[in-house]
Amino acid sequence: MTAKVTLSFTDETIEEARRYAERDGMSLSAWIDQAAREKALRELFNAHAAVVRRAGLDRLEKTALDDEREVEMVRMELRGRRAS
């Protein structure tokens, strides 16, 4: 579904957007749509990452990955191969 809206941009912004759209072989509307979607996804990702950090889940993930590496090192040693 597509909505038609009226937006205002500075001359500089719209000229840059036109150049990027042309470079990417896209219409100006399609390029702006993609840019807005990417910005929204970045905002969502950053908000999610902040929640993960505040909850301490990033430390848990790092600990789990460290544990996995340690388990693999032990397996390698038990098989008689040196872990790198």
Side-chain angles (χ1 to χ4, degrees):
M1 180 179 243
T2 302
K4 212 168 223 221
V5 298
T6 301
L7 301 170
S8 298
F9 298 97
T10 64
D11 290 339
E12 182 180 317
T13 298
I14 204 68
E15 277 309 307
E16 287 179 19
R18 280 190 175 115
R19 278 195 300 276
Y20 287 123
E22 187 175 314
R23 177 200 68 188
D24 294 345
M26 302 171 77
S27 70
L28 179 60
S29 292
W31 190 89
I32 290 173
D33 181 70
Q34 179 179 313
R37 184 176 302 119
E38 288 174 2
K39 172 69 173 166
L41 289 174
R42 272 193 308 276
E43 291 289 328
L44 181 62
F45 176 82
N46 289 335
H48 179 265
V51 169
V52 167
R53 279 192 303 277
R54 281 195 306 272
L57 297 176
D58 56 335
R59 290 186 300 276
L60 291 175
E61 182 178 23
K62 180 187 179 317
T63 301
L65 291 172
D66 289 346
D67 288 348
E68 275 185 39
R69 282 190 282 274
E70 190 172 326
V71 166
E72 186 56 29
M73 288 173 57
V74 169
R75 282 188 186 136
M76 296 290 285
E77 287 293 328
L78 291 173
R79 291 182 187 141
R81 290 181 259 162
R82 274 249 172 246
S84 54

**Message:** I'd like to know whether Glu15 forms a salt bridge (Lys or Arg N to Asp or Glu O under 4.0 Å) with Arg18, so could you lay out the CA-CA distance, the side-chain angles of the two residues, the decisive distance to 0.1 Å, and finally the verdict.
**Reply:** CA-CA 5 Å; Glu15 277 309 307; Arg18 280 190 175 115; 3.2 Å; yes
**Prompt:** Should Leu44 and Val52 be counted in the same cluster of Ile, Leu, Val, Met, Phe, Trp and Tyr side chains packed under 4.5 Å apart?
**Reply:**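 Result: no, two separate clusters.
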**Prompt:** Do Val71 and Leu78 belong to the same hydrophobic cluster, where Ile, Leu, Val, Met, Phe, Trp and Tyr are linked whenever their side-chain heavy atoms lie under 4.5 Å apart, directly or via other members?
**Reply:** no
**Message:** Return the OG1 to NZ distance between Thr6 and Lys4, rounded to the nearest 0.5 Å.
**Reply:**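 Thr6 atom OG1 to Lys4 atom NZ measures 9.0 Å (nearest 0.5 Å).
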**Complete:** CG of Leu41 to CG of Asn46, rounded to nearest 0.5 Å, is 11.0 Å
**Request:** State whether Arg69 and Glu72 are salt-bridged, where the test is any N-O pair (Lys NZ or Arg NE/NH1/NH2 against Asp/Glu carboxylate O) under 4.0 Å.
**Result:** no
**Request:** Please say whether more than 12 non-hydrogen atoms of neighbouring residues, nucleotides or ligands are located less than 6.0 Å from CG in Asp67.
**Result:**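 Atom CG in Asp67 is packed in, count exceeds 12.
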Under the side-chain contact (heavy atoms from CB on, under 4.5 Å) test, residues paired with [X] that sit two or more places apart:
| X | value |
| --- | --- |
| Arg54 | Ala50, Val51 |
| Glu38 | Gln34, Arg42 |
| Glu70 | none |
| Ala30 | Met26, Ser27 |

**Asked** What pairs with Thr13 under side-chain hydrogen bond (donor to acceptor under 3.5 Å, both in side chains), at least two apart in sequence or on another chain?
**Response**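 Applying side-chain hydrogen bond (donor to acceptor under 3.5 Å, both in side chains) to Thr13 gives Thr10.
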**Asked** What residues form a side-chain hydrogen bond (donor to acceptor under 3.5 Å, both in side chains) with Glu43, not counting sequence neighbours?
**Response**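 Once residues adjacent in sequence are excluded, the partners of Glu43 under the side-chain hydrogen bond (donor to acceptor under 3.5 Å, both in side chains) criterion are Lys39.
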